[in-house]
Amino acid sequence: MEENSAANLRGKDIIGLENFSPEEIRLVLRTAREMKKIIRGDMKKLGNLRGKAIVNLFLEASTRTRTSFELAGKYLGADVVSINASTSSITKGESLRDTLMTIEAMGVDAIVIRHKSEGTAEYAAQIVKPVIINAGDGAHAHPSQALLDLFTIEQAKGRLAGLKVAIVGDILHSRVARSDIFGMTKMGMEVHLAGPKTLLPRFFEFDGVQVHDRIEDAISRADVINILRIQLERQQAGLFPSAREYARVFGINKERLSLAKEDVLILHPGPQNKGLEISNEVTYCENSAIHEQVQNGVAVRMALLDLTLREK
Ligand code: NCD
């Protein structure tokens, strides 16, 4: 039986998980399960989005997110074009508004956008009609990453509600943390944050979220640890200790891992700073789902494109 059949994302802009209901999150996770079977099969081409056109407008660096949105669109039969910062007319001084209107004029159905400034996806949604999917706007939100984190956890643990998750590292600059916090608390998870005080905003202290100064307190008896990348490109002077100090006090290594549950699931959105926030042995240990997250990213992005764009 179709549960939660009331949830429907058709035509919706995907800006942040703060705007999602638990039913909508469940709908994406359910659809991603079906999509994952396609990725694992021999015939990775569906007709679901035949006749639809998608532009990936990536104005900030990306490997995983851009490639997985591109493949997701192609596996569903859409035409997909990717534009990145260094090859776009933005380098000639064109405004974002004009770039968006130019893309719209070509008849596209969706624009997947990544930008270094917070609020860009919301702005794009006000300017143009195609569905806007936020692939990361500054430190604000990264909804498809949070959905793939939830999907990976659910696949590994069989549930979400009641699990204890520790999100550790550079919370202040992390759009992944922000989207995870909204998504995870909506799904009934218990969220613990830890990192250096300067990178740990207290405004996250709300129902379902606890902030710790000591990493040991956050990861103790955790079911899941999500290790964030230190966003070296977004740091201001004075916020970040030395790399050696960070690795010593906050880095996740085998020894710290033993404080968590034995079957703790390790996540990292990538790219990783090895030896800084995560040790090599943790990346490759059997609890690590970091590699799986990448495949799940394609499945979740297929689900998002299908749910927002497919004609029923
Ligand atoms: C994240 C991002 O760009 O926000 N990476 C990703 O999408 N896989 C996290 C990061 O850059 O640290």
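Ligands are counted one by one from 1 in listed order, and the atoms in each one are counted from 1 as well.
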For this session: Using distance alone, determine whether Val176 and ligand 1 share an N or O pair under 3.5 Å.
Result: no
Exercise. Under 4.0 Å between a Lys/Arg side-chain N and an Asp/Glu carboxylate O for Asp213 and Arg202?
Worked result: yes
Seminar exercise, completed: Nearest non-hydrogen contact to atom 7 (O) of ligand 1 from the set His142, Gln293, Arg64, Glu277 belongs to His142
Exercise. Is any side-chain N of the basic residue among Arg221 and Glu190 closer than 4.0 Å to the acidic one's carboxylate O?
Worked result: no
Seminar exercise, completed: Gln145 heavy atoms within 4.0 Å reach ligand 1 at atoms 6 (C), 7 (O), 8 (N)
For this session: For atom 9 (C) of ligand 1, grab the closest protein heavy atom and report residue, atom and distance to one decimal in Å.
Result: Gly270 O, 3.5 Å
Exercise. Which heavy atom of the protein is the closest neighbour of atom 11 (O) of ligand 1, given with residue, atom name and distance?
Worked result: Arg229 NH2, 2.9 Å
For this session: Taking Asn226 for its side chain and Ala177 for its backbone only, find out whether a donor-acceptor pair lies under 3.5 Å.
Result: no
For this session: Please name the pair of heavy atoms, one in Arg33 and one in Glu154, separated by the smallest distance, quoted to 0.1 Å.
Result: NH1-OE1, 3.4 Å
Exercise. Is it the side chain (CB and beyond), the backbone, both or neither of Arg114 that lies under 4.0 Å from ligand 1, heavy atoms counted?
Worked result: side chain
Seminar exercise, completed: for atom 4 (O) of ligand 1, nearest protein heavy atom and its distance come out as Arg175 NE, 2.6 Å
Exercise. Is the side chain of Thr99 donor-acceptor paired with the backbone N or O of Ser95 at a distance under 3.5 Å, no angle test?
Worked result: yes
Exercise. Closer than 4.0 angstrom: is that true for some heavy atom of Pro269 and an atom of ligand 1?
Worked result: yes
Exercise. Okay, side chain of Thr185, backbone of Ile181: is any donor-acceptor separation there less than 3.5 Å?
Worked result: yes
